[in-house]
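Let me begin by presenting the structure, written as structure tokens, before commenting on it.
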Amino acid sequence: MQILEGEGVTKYFGGLAAVSKVDFHVDQGEIAGLIGPNGAGKTTLFNLISAALVPKPGTIRFKGEKITGLKPHKICRLGLARTFQEVKIFSNMTVLENVLLGSLFGCSTGMSSADASREAEELLEFVGLSAVRTTPAKDLTLVNQKRIEVARALATKPELLMLDELMAGLNPAEVAQAMELVTRIRDKGITIFMIEHVMKAIMSVCDRIMVLHHGEKIAEGTPQEIAISKKVVEVYLGE
Amino acid sequence: MDITALTSRRFLVPGLITLTVLATLPLYGSLYTVILITTILMYIILAVSWVIFSGPTGYMSLASAAFFGVGIYTAAVLMPNTGQLLPLPVVVAIAGLISGLLAVLVGALTLRLRGIYFAIFTFGLVEIIKQVLLYWEFEVTHTRGRFVVLVDNDTVFYIMLGIFVALMLTVYFIRRSKFGLALQSIGENEEAAAHTGINVTMVKVITFGISAIFMGAAGAIMATRWTYIDPYIAFNPLFSFMPVLMAIFGGMGQLYGPVIGAAIFAYLQETLQTTFPYYYMLIFGIVLVVAILYLPNGIVGLIQKLIQRWRKGGSAEQNANT
Amino acid sequence: MDLVTILDIAIGGLLMGGIYALLAMGLSLQYGVARVLNIAHGEFIMLGAFATYTLYTAFGINPLLTLAIVGPIIFIIGFLLHRTLFTRLRISSPSPGAFESRSLLATFGILFIIQNLALIGWGANLRAYSYLNFGVNLGGAIFTANRLVSLGFAIGIGLAFYIFLVRTRMGKAIRAAAQDPATASLMGVNINRVLAICFGLGAVMAGFAGTLLSMRVPINPAMGMNYTIIAIIVIVLGGLGSIPGSFIGGFILGIIGTVVTYIEPSLSLAAYYFIFMLLLLVRPKGILGK
Ligand SMILES: Nc1ncnc2c1ncn2[C@@H]1O[C@H](COP(=O)(O)OP(=O)(O)OP(=O)(O)O)[C@@H](O)[C@H]1O
Ligand SMILES: [Mg+2]
């Protein structure tokens with residue numbers, strides 16, 4: 001079943017088509033990957049899905065319902081959470097508060113404060129940040145700030161989690177941990193849609209990959225198919 | 001803005017002592033002191049209300065004079081000297097509500113304007129209300145200003161104190177609530193807040209409304225002090241700039257910054273204004289420029305820096321001695 | 001409505017609009033390039049007006065000739081103000097947005113300083129003098145000569161300034177700085193100097209507008225605020241920062257104002273605000289903005 005689908009999704013910045021007539025879908029329960037050279041329009045597509053931007057024209061459906069035109073917080077409450085390429089945390093709040101905000105505001109079913117706290121604590125445990133729960137978020141390292149973002153997104157009880165370059169800027173050991181984290185999230189039953197430049201990572205965790213180039217979708221398939229696709233190789237080598 | 005400090009126990013005892021001293025003021029203070037403290041409280045209310053909204057959200061609202069003025073006018077209409085229509089506390093409450101509603105309306109319309117546009121718009125709001133009222137008074141009701149019933153100074157003082165306490169309690173409870181957490185997160189990163197399920201527009205509009213309630217209430221009670229009200233008096237743009245200046249001068253890093261800034265300024269104003277009106281405004285201008293140039297974190301920031309330096313200097317000395 | 005009335009309104013609007021255009025061009029230069037939304041703009045108008053008044057009544061210098069004295073003095077004041085105050089603010093502000101709010105508040109302080117110095121020096125009374133105060137018949141509608149002359153000067157100053165921007169080296173540097181200060185300074189433009197010149201020139205335009213205004217309306221030290229507000233409305237109307245936009249916007253507002261004044265005199269300021277706020281909500285980029 002398709003949890004997320006887009007039809008003719010387009011976005012212009014002035015004269016530049018950052019995303020151009022892209023049809024895409026994500027299946028329930030899979031880890032879908034989105035790759036492409038710098039400036040291909042990947043982040044823009046995520047922004048369109050999460051309603052940070054509005055497609056013009058184009059429609060996006062989540063769990064079969066049209067979500068274009070909804071406000072970002074509505075989309076989050078429907079069960080679609082995201083992280084950001086450049087980390088966007090609440091710097092002066094503690095790690096726990098960052099995550100707590102997700103469980104307090106992100107769920108469609110209201111949660112009591114006690115439940116929300118418990119939930120947040122559990123998620124900190126899950127991403128391995130329990131030890132620093134009372135530290136201001138700004139004092140953490142990049143990799144830990146990215147973990148805050150993941151935990152905060154998970155706190156909103158998403159059915160689909162979109163990760164924008166979770167592994168960028170991490171060292172090899174951290175990348176391995178992040179990959180393991182991604183599979184653990186999927187094992188919780190959460191569908192994942194992720195942008196990644198780290199090829200090794202994306203090829204080994206994804207079930208299916210889409211390739212964007214100059215705002216257009218140029219290929220789609222299993223990691224094996226993508227690895228040997230002539231078009232994709234050209235795009236990457238042509239850089 | 002970090003307003004945690006206020007919620008800590010540390011402030012409970014000094015707070016209660018201050019409150020007791022203030023609440024018994026009319027028993028031992030001179031008439032002049034009571035009037036002076038009333039004015040200081042009014043400015044503190046304006047400055048703190050302004051900070052509640054503009055501090056965390058980063059919008060520079062210049063609408064304070066509009067909300068304050070609506071409060072003044074509400075009192076002028078409901079309590080003319082020809083016969084008071086409603087009891088004073090009710091009038092104050094109604095004035096607060098009307099201002100709050102106006103703010104919610106204006107906020108819903110304009111919060112998508114960012115930066116300088118929002119500042120200009122809110123500034124224009126004060127002027128347009130003034131102009132429309134002037135027209136209304138001149139052409140429709142054929143009045144040129146209104147007289148408000150006289151209320152004795154102690155009552156005015158106690159109501160102002162009541163508004164002040166209510167404001168402080170509101171700040172305290174907002175800070176400890178889910179809503180306060182959401183507001184703080186918007187200040188930290190609005191985009192992330194929206195994608196975490198927070199209805200940022202709603203939180204901002206409600207906060208704008210809450211801040212306006214207190215401004216309106218303060219306006220209503222001040223009307224009884226001034227007794228003569230016309231649109232120029234009620235909608236004086238100075239009441240938009242004063243709270244901003246006081247908050248910046250005091251320092252917006254801590255809630256007591258605006259309180260201190262407002263207290264100092266209001267005191268200076270009250271003591272200098274009558275004796276040297278032009279020099280007072282001149283000094284006001286100079287202080288404003290100097291504060292913006294040299295005190296980016298306000299007086300509180302300056303004091304914190306001095307304390308830090310003193311501590312460091314002290315410990316360095318100790319090290320040298322050992 | 002007969003033809004003479006229409007003519008009356010149209011020319012009256014142009015006469016008002018010329019001054020507005022000049023005012024707004026000055027503010028537009030200060031905000032569009034130097035990023036200072038100068039709330040004290042009107043005080044420079046007031047200074048220009050009082051300088052002319054004093055030079056004419058005390059020394060008998062022709063009001064139009066005072067432009068040559070008012071210009072340099074106000075330029076130096078504006079230039080120095082920017083070099084000392086705003087340059088420092090610009091460097092110490094963490095972000096451009098923070099600079100905009102802080103400088104706006106600083107100009108509010110300047111407003112108080114100038115206005116109260118003027119009150120101390122000249123007193124609060126309204127003052128006026130009479131110069132070129134005879135009627136000129138234009139197709140049946142009668143206008144005083146000083147208003148027509150001031151329109152001519154306003155247009156002349158506006159055009160001269162436009163040519164300066166387009167033709168001269170400094171003009172090009174100003175335009176480059178308006179587009180992108182970072183790149184402009186990389187290209188060897190002394191950015192602080194250019195911004196200070198812009199601020200100074202903006203103040204001069206206000207001063208000139210003040211000189212021209214003093215020939216036709218009574219002046220007092222508190223006159224500035226209304227003109228600041230009008231200038232802000234015009235630059236929003238013309239698109240914040242667009243200099244041709246403010247020139248044209250000035251005339252548009254002048255005509256609107258005259259029409260409203262014709263219909264209901266006491267509503268003209270309210271009408272300005274109404275248009276202005278509507279515009280901010282519907283088209284914040286201004287009517288001429290892209
Ligand atoms: N808000 C914006 N305004 C104007 N142009 C934009 C905006 N956001 C993105 N763009 C442009 O759209 C194009 C696509 O950008 P996008 O950030 O989606 O690329 P990306 O695939 O995520 O690249 P990267 O791998 O570097 O993150 C780029 O040319 C970018 O400059
Ligand atoms: Mg990207």
Side-chain angles (χ1 to χ4, degrees), chain B residues 54 58-62 106 109-110 112-140 231 236-238 240-242 244-245 247-249 276-294 296, chain C residues 31 35 37 39-40 81 84-86 88-89 92-98 100-121 123-124 221 225-226 228-229 232-233 235-236 240 264-274 276-277 279-281 284-285:
Chain B
S54 292
Y59 284 85
M60 186 157 102
S61 164
L62 294 179
V106 170
L109 269 175
T110 60
R112 63 203 167 86
L113 296 173
R114 295 253 46 168
I116 211 87
Y117 287 97
F118 184 77
I120 301 178
F121 187 96
T122 49
F123 182 70
L125 183 71
V126 180
E127 293 295 324
I128 199 167
I129 296 179
K130 174 161 69 185
Q131 295 298 331
V132 169
L133 268 178
L134 276 172
Y135 173 76
W136 185 263
E137 297 252 328
F138 195 73
E139 297 287 331
V140 182
N236 182 349
L238 208 57
S240 286
F241 287 100
M242 277 295 202
V244 186
L245 167 66
I248 290 181
F249 179 71
F276 322 100
Y278 300 159
Y279 290 102
Y280 158 71
M281 291 307 270
L282 183 66
I283 295 168
F284 174 77
I286 293 170
V287 172
L288 178 48
V289 172
V290 170
I292 288 168
L293 259 184
Y294 298 102
Chain C
Y31 182 71
R35 292 277 138 199
L37 190 67
I39 299 290
L81 208 56
T84 50
L85 180 67
F86 296 109
R88 201 193 142 98
L89 268 186
S92 65
S93 290
S95 69
E100 283 190 20
S101 351
R102 290 175 70 192
S103 60
L104 180 127
L105 286 173
T107 62
F108 193 69
I110 295 170
L111 179 159
F112 277 114
I113 296 172
I114 298 180
Q115 196 181 85
N116 289 286
L117 284 176
L119 274 167
I120 293 165
M225 190 43 119
N226 271 346
T228 304
I229 289 167
I232 291 176
I233 295 176
I235 66 169
V236 171
L240 275 186
E264 177 57 72
S266 56
L267 271 183
S268 71
L269 258 186
Y272 286 175
Y273 279 111
F274 186 72
F276 164 66
M277 295 176 79
L279 198 75
L280 267 182
L281 290 179
K285 283 178 199 140

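A note on names: the letters A, B, ... follow the listed sequences, proteins ahead of strands, and every chain is numbered from 1.
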Heavy-atom cut-off 4.5 Å, strictly under: side chain, backbone, both or neither for [X] against chain C?
| X | answer |
| --- | --- |
| B/Met60 | side chain |
| B/Ile248 | side chain |
| B/Phe284 | side chain |

For residues 103-113 of chain C, which side-chain N or O atoms pair as donor and acceptor with protein atoms under 3.5 Å away, sequence neighbours left out?
residue  : atom : partner  : partner atom : Å
C/Ser103 : OG   : C/Phe99  : O            : 2.8
C/Ser103 : OG   : C/Glu100 : O            : 3.2
C/Thr107 : OG1  : C/Leu37  : O            : 3.4
C/Thr107 : OG1  : C/Ile39  : N            : 3.1
C/Thr107 : OG1  : C/Leu104 : O            : 2.7

How close do C/Arg102 and B/Ile292 get, heavy atom to heavy atom, and via which atoms?
->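 Smallest interatomic distance, heavy atoms only, reads NH2-O, 2.8 Å.
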Going through the distances and angles, do C/Asn116 and B/Tyr280 end up as a side chain to side chain contact (heavy atoms under 4.5 Å, CB included)?
-> CA-CA 9 Å; C/Asn116 289 286; B/Tyr280 158 71; over 6 Å; no
B/Phe123: partners by ring pair (Phe, Tyr, Trp, His ring centres under 6.0 Å), with sequence neighbours left out |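 Expected list: B/Phe241.
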